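Let me begin by presenting the structure, written as structure tokens, before commenting on it.
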Amino acid sequence: MSTQVPGAPTHFIKDIINEDRKVNKNGGRVHTRFPPEPNGYLHIGHAKSICLNFGLAIDYAGKCNLRFDDTNPSKEEVEYVDSIMDSVRWLGFDWEDRLYYASDYFEQLYEYAEHLIRNGKAYVCHLTPDEIREYRGTLTAPGRESPYRGRPVDENLDLFRRMRAGELPDGRCVLRAKIDMASGNINMRDPVLYRILRATHHRTGDSWCIYPMYDYAHPISDAIEGVTHSICTLEFEDHRPFYDWVLDQLPVPCHPQQIEFARLNMTYTVLSKRKLLQLVQENHVAGWDDPRMPTLAGMRRRGFTPEAIRDFCDRIGVAKANSTVDFALLAHCLREDLNKRAPRVMAVLRPLRVVIENYPEGQVEWFDAENNPEDPTAGTRKIPFSRVVYIEQEDFLENPPKKFYRLAPGREIRLKHAYIIKCTGVVKDDKGEIVELQCTYDTGSRGGEAPDGRPIKVTTHWVSAEHAIGSEVRLYDHLFHVENPGEAADFLSCINPSSLTVLKDCKLEPGLASAAPGVFFQFMRQGYFTADPVDSMPGHLVFNRTVSLKDEWARVAKRMDSK
RNA sequence: UGGGGCGUCGCCAAGCGGUAAGGCACGGGUCUUUGGAACCCGCACACGGUGGUUCGAAUCCACCCGCCCCAGCCA
């Protein structure tokens, strides 16, 4: 499988790789890695990185590793590593036998640290966190050297070994690189390499009480794995000098090249792990896999397809300019994918009872219905028709405005695959609410064609009342009602109060009774739906709306409204 | 007043000195037993700005402006 369709755009990272191959750098090899920290669920932003890293490996017949960056046990959990593996697999990528953890390298990382100490490139510093910050200087003022910077090698070695041995309390001291406290790049002002931290690690348990920092562990992990191109996001750009410094000091097997690209931002959502975690912990959503979440788990549950997400990632491109992609592009990719393969079915979400008064009581006809006009091989199915049917409430208006072509008193519409009906009466309850429509059908219009060839402007979906099965349907809208909630002072105040609409009394055509999660349908004229993998079960069906169909009438109505 | 990046259509994004791709969105139309899909047409004399180099610049140079990131013992 390739993520790159023929003619797919190239980008600056491919340009770099092409140049590298031209001069036979790395023997022409391409080896990347996707390095998530297991401290949250993967989201659509990670999908961009996954598609990039695994996609490059596929395009250049190289390899891509999955490596967990698990150097901070206080934030990391196995639940997250499991969900991450699940999501990467679901997206369609395979790390084969190359599943790694930075924690696999703790011993090697430790030995390299001693190597740095022996070469006078690292020292144990007893400054407190506050002092370290103060000594670091500011963005515009250089830092000052730590009073511990000149410690002899033997003392550093002894202290570092005692740190590992657990002889010192958490936070008592750290191991620091000895570089340049006056550097304009703050990352080069003697960055911390190791801290003392007594936390149980999800893989190494309590065997370590010192843990390496990301900046130190990452380049070495890349080198150990033979990675050629270490792709990360823009905010690490000024960490690159340190990445290179580490590799230059150590007898590592190779020196990977770090390349930075702009992370994905998308309208109407947040893609920061901190904010997503907050949404989950404070119960603003029902969990990491809430269908409104931009997590891969949530999108999967909602009915997004991996194919659509990969297509989206191909289309957004890879560059260095910060950007916010329109959610509409993702929706477009979904519709395009689902349109080709989702079987059409009829489901009435907000039922309006229609009695066809000239249709014989007790009679049932079974019509052939095409499963997918986009796919002739999809075949047909039988659907039952009878005297009482449900149509969508919004398909009838007692006083239709201009350009509303659907049913109204005295008007005709076609019931898809069945008959042309005409509205002859409206039944209301005490409160004046419409509860039922009286109609007649054109007896000569079996299948939907008018005997005299008169044009019927609108065809609607419907369900036979006697045969319909009940279902709950959940409609989703953007979780946030503003385009850039991440930039708001309080993103929680931007939560869309109607991001979820639950409809309890929907009527589905009978064939849907056995619909399994993971199977996508187009509910005709409404959108794409799939059974909720968590809550749907025989006898209590629950469908999620993945994405609506485009709605020309809604657009027209809105335009008329604003006039 | 430090360091590192980035600025091409409403949103993405090609372009790598030879006279502005493509997608989404948007607008108009054809067709239609989904107001879906499909198809057709339109949509930057202009590339943050100003100078300069050149026969020729979005592409090279200079200066200016704007935006993003960095002062975790997070990643």
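Since the model is a prediction, treat every value here as computed from it, not as a measurement. Throughout, a chain's letter reflects where its sequence line sits, starting with A, and its residues are numbered from 1.
Taking atom C1' on both nucleotides, rG18(B) is separated from rG28(B) by 35 Å, rounded to a whole Å. Here, rA44(B) and rU30(B) have their C1' atoms 28 Å apart, quoted to the whole Å. Taking atom C1' in both rG2(B) and rA13(B), one finds a spacing of 33 Å when rounded to whole Å. Distance check on atom P: rC47(B) versus rA20(B) gives 12 Å, rounded to whole Å.
Looking at Q526(A), its side chain has no donor and acceptor atom pair within 3.5 Å of the base of rU34(B). Counting atom types as modelled, D15(A) pairs a side-chain N or O with a base atom of rC16(B) as donor and acceptor under 3.5 Å.
When the nearest nucleotides of RNA chain B are assigned to G317(A) and K550(A) by heavy-atom distance, the more 5′-ward of the two goes with G317(A). When each of V556(A) and E237(A) is assigned the nucleotide of RNA chain B bearing its nearest heavy atom, the one mapping closer to the 5' terminus is E237(A).
Across all strands shown, rA57(B) has no partner, as no Watson-Crick or G-U wobble contact with both distances under 3.5 Å is found. Across all strands shown, rC11(B) forms a Watson-Crick or G-U wobble pair, both distances under 3.5 Å, with rG23(B). Remark: rC39(B) base-pairs with rG29(B). Criterion, Watson-Crick or G-U wobble with two distances under 3.5 Å. Partner assigned to rC67(B) is rG5(B), using Watson-Crick or G-U wobble distances below 3.5 angstrom.
Side-chain atoms of V174(A) and C125(A), non-hydrogen and from C-beta on, do get closer than 4.5 Å to each other. Inter-residue side-chain proximity for V348(A) and H461(A) is flagged as met; some heavy-atom pair is nearer than 4.5 Å. Annotation: side chain of F523(A) is in contact with side chain of V345(A) (closest heavy-atom distance under 4.5 Å). Inter-residue side-chain proximity for E394(A) and L349(A) is flagged as unmet; no heavy-atom pair is nearer than 4.5 Å. Residues Q278(A) and F491(A) meet the side-chain proximity criterion, which asks for heavy atoms closer than 4.5 Å.
Note on R189(A): nothing from the nucleic acid sits closer than 4.0 angstrom, heavy atoms only. Residue-level contact check: R335(A) touches neither bases nor backbone, having no heavy atom under 4.0 Å from any strand. Residue E336(A) is classed as having no contact, given no heavy-atom separation below 4.0 Å to the nucleic acid. H461(A) comes within 4.0 angstrom of nothing in the nucleic acid, heavy atoms only. Looking at heavy-atom distances under 4.0 Å, K340(A) makes no contact with the nucleic acid at all. Among the atoms of the strands shown, none is found under 4.0 Å from any heavy atom of V547(A). Nucleic acid contact class of Y419(A) (heavy atoms, under 4.0 Å, all strands): none.
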Encode nucleotides 69-75 of chain B as B, S and - characters from 5' to 3', where the letter depends on protein heavy atoms closer than 4.0 Å: B to the base, S only to sugar-phosphate, - to neither.
-> BBBSBBB
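In this structure, H201(A) has its ring center closer than 6.0 angstrom to the ring center of F106(A). If you look at F543(A) and F529(A), their ring centroids are not closer than 6.0 Å.
Looking at residues 366-380 of chain A, you'll see P373(A), E374(A) sit with a heavy atom under 4.0 Å from some atom of RNA chain B.
At whole-Å resolution of the value, CD in E19(A) and C1' in rC16(B) are 11 Å apart. Computed from coordinates, the E552(A) CD to rG29(B) C1' distance equals 12 Å when rounded to whole Å.
A perpendicular orientation is assigned to the rings of F367(A) and F385(A), their planes being inclined by more than 60° (bins at 30° and 60°).
Put simply, the residue from R144(A), K121(A), R149(A), R136(A) that forms a salt bridge (charged side-chain N to carboxylate O under 4.0 Å, His left out) with D190(A) is R149(A).
For rG18(B), the base adopts the anti conformation, since its glycosidic angle falls more than 90 degrees from zero.
Listed pair R240(A) / rG4(B) fails the phosphate criterion, with no side-chain N or O lying under 4.0 Å from OP1 or OP2.
Sorted by first then second residue, the side-chain hydrogen bond (donor to acceptor under 3.5 Å, both in side chains) pairs that include residues 162-172 of chain A, not counting sequence neighbours, are E107(A)-R164(A), R162(A)-E167(A), D170(A)-R198(A).
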